[in-house]
Each structure stands twice: as structure tokens, then as C-alpha cells.
Amino acid sequence: MNTAFYDRPVLEVARDLVGCVVTHSPTSGVIVETEAYHDSEPACHAFVGLTARTRVLFGPPGVAYVYRSYGIHALLNAVTEPEGSGSAVLIRALEPLTGLALMHERRGLERIEALCSGPGKLTQALGIGLELNGSDLIRGPVRISERPPQWRSVDVSAGTRVGISKAIELPWRFCAVGSRFLSQPPGRVSVA
DNA sequence: CATGGGATTGACT
DNA sequence: GTCAATCCCATGC
């Protein structure tokens, strides 16, 4: 994956990331669910403008934005669009691929379907913490790589986002159709 | 300087 | 289905 991939409209990147692989060695997983956030809408952290917190969101594309949610969980985002545009793709769920034993250890004994089926769960399973905020997704410790062959033609559905209180009507959530590893059942359906 | 809310999860009823 | 845990940071006085 290269910088040009992220240097595009956030909705395109969010859809294209489904089926790609997130790796934080030795653990990795296939992205099955994403959400897009953009500074033009109030659900996005960058909506408030450039601050110390949103600095990374307005920075160059292809960088990780990791932040703490509800004081407890770390959530992983991929910054998109040219520098100066505050936008990012939230990685919401993965299908575990490698390092399963370590994931189980970090999460406690659970079903495979529950290891990475939520934005706070997958960061725990992959060992991704706030210290990775601002790290490079192309050369850094956490990387995103292209779709494996069997994911090249994955069907992607668009639906409404989850767990937010503003701009809840935007269909900016993208899911791999039929995946058992989603954080929640799809909201609304369309094509890809 | 004090306050309140949030892109969640998991335990309990 | 309901609810507490927990903390960074934007906002307001």
C-alpha cells in the first residue's frame, strides 16, 4: 500500500480498505468493517478544527490516528486525503489472520468471532496502543497491505455508522457482505 | 481552573 | 436490555 492510496476522498478509501490486511507483527487480520469520518460533519473529531488532538487528522495521509475512547479503549484510524483535510477511516472489525494464540492471550479465552469484532477489541488483540498515534502505516510498526487474492472481489455494503450521536444518517459505514466477524449486523444495504 | 461528553465494552439483571 | 468503568480534551466561566 502506498501514500497515493490514502491520498483520495475518504469514502473511497474506506470502501477500498475492506478486504485489506492490518498487521502488527506477529498478529494480523483482514478488515471487514470500516467507517469514514470527515471534518465537514459533526461526528468527526476534526469538526472542531485544528487542535493538539486533531493535529494528526489534518496531517499527511497514510498515518495512524489512535485515540482513547470512553477513557478505556484505543481506536485505530487511517488518515486520508491531502494534508489540511481532516479525515480518517475508522477500522471497526477484523477477521483474525495470524497470531491467533497471542490474540487469545491478550483478550482472554473467547470465540474467534469475538477477538476483533469491534474497534476497541481489535486494538487490544493486535496490541495497538496510543503510543502508535501518528505512526506511519506504510513504514511503521502497524501496516496495512493489499487484499489477499481471495478478497479481491469481496462484496461491500454501505450502511449507517454505529455508536455516534451526530450525523447518524450518513451511510458511511462499509462492511464485507456476509462476514461473521462484524461488530454489528449491517444497518442498511447497497452495492459496491 | 472545573466540568462534561464521547467513534465502547463487558458484566450483570 | 441496562449500566458502570474511566480519562483525554474541548469548552466555558
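Just so you know, these numbers come straight off a predicted model, no measurement behind them. In what follows, chains are A, B, ... by sequence order, proteins preceding strands, each numbered from 1.
- Residue contacts for A:I164: at a heavy-atom cut-off of 4.0 Å it reaches the sugar-phosphate backbone alone, with no base atom in range.
- Counting only distance, with no hydrogens or angles, the side chain of A:S85 and the backbone of A:P82 share no donor-acceptor pair below 3.5 Å.
- Closest to the side chain of A:H73, from the set B:dG10, B:dA7, B:dT8, is B:dT8.
- What separates CG of A:L75 from P of C:dC8 is a distance of 15 Å, to the nearest Å.
- For the OP1/OP2 pair of C:dC9 and a distance below 4.0 Å, the side-chain nitrogens and oxygens of A:R68 include no atom meeting the criterion.
- Phosphate contact (OP1/OP2 of B:dG10, side-chain N/O of A:R107, threshold under 4.0 Å): present.
- The partner of C:dG1 is B:dC12, judged by Watson-Crick or G-U wobble contacts that both fall below 3.5 Å.
- Each of A:A88 and A:A114 has a nearest nucleotide on DNA chain B; the 5'-most of these lies closest to A:A88.
- Of the side-chain N and O atoms in A:K166, none sit less than 4.0 angstrom from OP1 or OP2 of B:dA7.
- Comparing B:dT9, B:dT8, C:dA5 by their closest approach to the side chain of A:I72 singles out C:dA5.
- Taking 4.5 Å as the limit, some side-chain heavy atom of A:L75 sits within range of a side-chain heavy atom of A:L90.
- When only modelled atom types and interatomic distance are considered, A:R107 and A:Q124 share a side-chain donor-acceptor pair under 3.5 Å.
- For the pair A:L76 CG and B:dT9 P, the interatomic distance rounds to 13 Å; values are reported in whole Å.
- Per the geometry, OH belonging to A:Y67 stands 6 Å off P belonging to B:dT8, to the nearest Å.
- Between the OH atom of A:Y70 and the P atom of B:dA7 there is a distance of 6 Å, given to the nearest Å.
- Taking a centre distance below 5.5 Å and an interplanar angle below 30 degrees as the stacking criterion, A:Y37 stacks against the six-membered base ring of B:dA7.
- A donor-acceptor pair shorter than 3.5 Å cannot be found between the side chains of A:S183 and A:S117.
- Between the C1' atom of B:dT8 and the CG atom of A:N77 lies a distance of 14 Å, rounded to the nearest Å.
- Taking atom CG of residue A:N133 and atom P of nucleotide C:dC8, one finds them 13 Å apart after rounding to whole Å.
- At least one side-chain heavy atom of A:W172 sits under 4.5 Å from a side-chain heavy atom of A:R161.
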Pairs under 3.5 Å (N/O, protein and nucleotides 2-4 of chain C):
none

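- With contacts defined as side-chain heavy-atom distances shorter than 4.5 Å, the pair A:L94/A:F181 does not qualify.
- Note: A:E41 CD to A:D39 CG = 8.5 Å, rounded to the nearest 0.5 Å.
- Looking at heavy-atom distances under 4.0 Å, A:S165 makes contact with sugar-phosphate atoms alone, never a base.
- Computed from coordinates, the A:I91 CD1 to B:dT8 P distance equals 14 Å when rounded to whole Å.
- If you measure from atom CD of A:E41 to atom C1' of B:dA7, you get 10 Å, rounded to the nearest angstrom.
- Residues A:V10 and A:V89 meet the side-chain proximity criterion, which asks for heavy atoms closer than 4.5 Å.
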Exercise answer: donor-acceptor pairs, residues 58-74 of chain A side-chain atoms, under 3.5 Å, sequence neighbours excluded:
unit_1: A:Y65; atom_1: OH; unit_2: A:H45; atom_2: ND1; d: 2.9
unit_1: A:R68; atom_1: NH1; unit_2: A:I72; atom_2: O; d: 3.1

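- Using a 4.0 Å heavy-atom cutoff across all strands shown, A:R161 reaches no nucleic acid atom at all.
- Between A:E33 and A:R173, at least one side-chain N (NZ, or NE/NH1/NH2) sits under 4.0 Å from a carboxylate O, which counts as a salt bridge.
- Of the two residues near DNA chain B, A:P42 and A:Q124, the one whose nearest nucleotide lies more 5' is A:P42.
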Can you give me the N/O atom pairs linking the protein to nucleotides 10-13 of chain C at distances under 3.5 Å, or say none if there are none?
unit_1: C:dA10; atom_1: OP1; unit_2: A:T51; atom_2: OG1; d: 2.8

